[in-house]
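In what follows, a single structure is set out as structure tokens and then discussed.
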Amino acid sequence: MWWVRGARNWEKESHCSRHTSKKESRNLTQDLVLSFSPEKTKNSDNNKVTAWDRKNERDYVAGGSCPSKATILGKTVIVTGANTGIGKQTALELAKRGGNIILACRDMEKCEAAARDIRRETLNHHVSAWHLDLASLKSIREFAAKITEEKERVHILINNAAVMRCPHWTTEDGFEMQFGVNHLGHFLLTNLLLDTLKASAPSRIVNLSSLAHVAGHMDFDDLNWEERTYDTKAAYCQSKLAVVLFTKELSRRLQGTGVTVNALHPGVARTELGRHTGMHSSAFSSFTLGPIFWLLVKSPQLAAQPSTYLAVAEELEGVSGKYFDGFKEKPPAPEAEDEEVAQRLWAESARLVGLELSGGSSPQ
């Protein structure tokens with residue numbers, strides 16, 4: 001977004017020349033807050049930002065509740081990374097609508113706690129915690145095998161879990177962590193569950209991507225950053241571009257099966273996903289940019305509304321292969337629509353995860 005780029009440039013310039021006074025910074029922040037207002041002239045006579053302004057600005061920028069009232073009574077839902085943040089709130093929203101919810105998480109202590117919280121808040125006792133480590137192909141296969149054995153149907157799969165801008169870590173199988181978790185892990189999981197999803201049709205897959213995919217590029221010569229100097233931001237953008245490309249190619253392969261798949265940018269949310277970004281370690285960012293991010297960054301509850309919408313909305317039945325920004329369908333980056341790139345990524349991903357050897361079905 002232009003406002004994200006602007007904020008980054010503003011901070012960079014301020015670190016280079018520290019001539020802006022605290023008073024001037026406060027005034028500039030106030031002006032930026034007011035500039036987003038649909039009724040920005042309400043207090044322009046005294047240039048004050050009131051509590052009324054702040055509340056309405058957050059509603060205006062962050063979006064609202066899921067517009068669909070559809071229920072999913074008795075339907076089985078899997079949400080990865082559901083112990084906190086957007087994943088937990090998405091699971092809670094779908095539990096309210098009567099779904100049988102499976103929280104698929106690496107940290108079982110947090111996962112069990114999240115399941116208890118959701119059961120207590122929704123009075124829906126069909127909420128369970130299952131172990132899934134997307135940084136381990138072995139764990140993914142064990143999870144999928146257990147689902148296949150114990151569940152006749154899976155109606156909704158929400159691939160929510162993600163790693164963002166972590167250090168140069170690798171998965172258990174040697175993949176760069178962000179590419180491994182954000183794309184390869186969900187690629188294998190989804191393929192292993194396709195037979196069950198097809199048997200449950202009409203069923204849906206929701207892949208959480210990010211606006212950051214527009215800055216991504218698929219470097220097929222070095223997908224795992226083994227040759228290049230590691231760039232944590234570029235690696236994140238590549239992983240999220242891979243999610244959109246995967247969505248496009250999977251949708252093509254699923255035509256006529258009754259299974260739909262769409263990609264989603266849920267918005268920028270205040271979650272643990274950004275713990276590696278260092279945003280809060282800068283005193284300048286915290287003091288000067290804090291009010292701006294307070295205005296523009298969603299709560300996990302609001303950020304979960306688009307995921308809920310794509311999972312349940314009756315008007316989206318049959319819609320597949322699309323990219324959504326919040327509740328609205330929008331065109332993704334040009335590279336994300338390149339069919340040749342999508343097919344090449346599919347083939348390379350299948351090779352990396354050993355899909356042909358995993359016992360999973362092919363969507364073709």
Side-chain angles (χ1 to χ4, degrees), residues 1-2 4-5 8 79-81 85-87 90 134-135 157-171 175-190 205-220 222-225 228 230-251 261-277 279 297-298 300 303-304 306-307 310 321-326 328-338 341-342 344-346 348-349 352-353:
M1 289 184 195
W2 65 266
V4 173
R5 293 195 300 270
R8 287 172 178 165
V79 185
T80 69
I86 296 174
T90 301
L134 287 162
L157 170 62
I158 300 183
N159 290 321
N160 165 84
V163 180
M164 178 181 179
R165 292 180 60 180
C166 61
H168 194 185
W169 296 337
T170 56
T171 68
F175 306 129
E176 186 272 321
M177 185 65 73
Q178 297 182 88
F179 185 66
V181 170
N182 300 353
H183 169 60
L184 291 177
H186 285 127
F187 174 86
L188 178 59
L189 173 66
T190 303
I205 304 166
V206 180
N207 293 329
L208 268 70
S209 180
S210 168
L211 181 62
H213 87 275
V214 303
H217 171 66
M218 301 310 304
D219 187 338
F220 288 104
D222 191 20
L223 286 174
N224 281 300
W225 294 85
R228 294 171 287 169
Y230 188 65
D231 184 329
T232 185
K233 289 184 288 186
Y236 178 72
C237 294
Q238 176 185 254
S239 75
K240 289 302 186 178
L241 172 60
V243 171
V244 184
L245 287 163
F246 166 48
T247 300
K248 292 283 185 178
E249 178 62 11
L250 179 59
S251 176
V261 55
N262 292 290
L264 167 68
H265 168 56
V268 182
R270 297 190 305 274
T271 70
E272 293 181 7
L273 182 62
R275 60 188 176 275
H276 298 298
T277 63
M279 182 183 298
V297 177
K298 297 181 179 182
S307 301
L310 263 63
K322 305 302 182 182
Y323 172 78
F324 285 78
D325 185 340
K328 296 183 179 180
E329 179 189 333
K330 292 188 177 180
E335 187 171 345
E337 305 221 63
D338 189 317
V341 174
R344 184 177 179 184
L345 176 63
W346 184 285
E348 186 64 13
S349 300
L352 288 171
V353 303

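Predicted, not measured: the structure shown is a model, and the values here were computed from it. Below, all heavy atoms of this structure are taken into account, side chains as well, without hydrogens, waters or symmetry copies.
- Side-chain N or O atoms of S251 include none that pairs as donor or acceptor with a backbone N or O of K248 at under 3.5 Å.
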**OP:** Kindly determine whether D219 and R228 satisfy side chain to side chain contact (heavy atoms under 4.5 Å, CB included), including the steps that lead there.
**Re:** CA-CA 10 Å; D219 187 338; R228 294 171 287 169; 3.4 Å; yes
**OP:** Could you walk me through whether F179 and M218 pass the side chain to side chain contact (heavy atoms under 4.5 Å, CB included) test, one step at a time?
**Re:** CA-CA 11 Å; F179 185 66; M218 301 310 304; 4.1 Å; yes
Original post:
How far apart are the C-alpha atoms of V243 and L208, what are their side-chain angles, what is the distance that settles it, and do they pass the side chain to side chain contact (heavy atoms under 4.5 Å, CB included) test?
Top reply: CA-CA 8 Å; V243 171; L208 268 70; over 6 Å; no
Original post:
For K240 and S209, what are the C-alpha separation, side-chain angles and deciding distance, and is it a side chain to side chain contact (heavy atoms under 4.5 Å, CB included)?
Top reply: CA-CA 5 Å; K240 289 302 186 178; S209 180; 3.8 Å; yes
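- For H186 and F246, the gap between ring centers reaches or exceeds 6.0 Å.
- Of the possible donor and acceptor atoms, one in the side chain of T80 sits under 3.5 Å from a partner among the backbone N and O of A161.
- Of the possible donor and acceptor atoms, none in the side chain of E176 sits under 3.5 Å from a partner among the backbone N and O of L223.
- Residues W346 and L250 meet the side-chain proximity criterion, which asks for heavy atoms closer than 4.5 Å.
- At a cut-off of 3.5 Å, with distance as the only test, a side-chain donor of N159 or T190 sits close to an acceptor on the other residue.
- The backbone N or O of V163 sits less than 3.5 Å from a side-chain atom of N182, completing a donor-acceptor pair.
- N262 contributes no side-chain N or O that, together with a main-chain N or O of V206, makes up a donor-acceptor pair within less than 3.5 Å.
- Using cut-offs of 30° and 60° on the angle between ring planes, the pair H168 and Y230 is parallel.
- Here the closest non-hydrogen pair linking Q178 and T232 is NE2-O, 3.1 Å.
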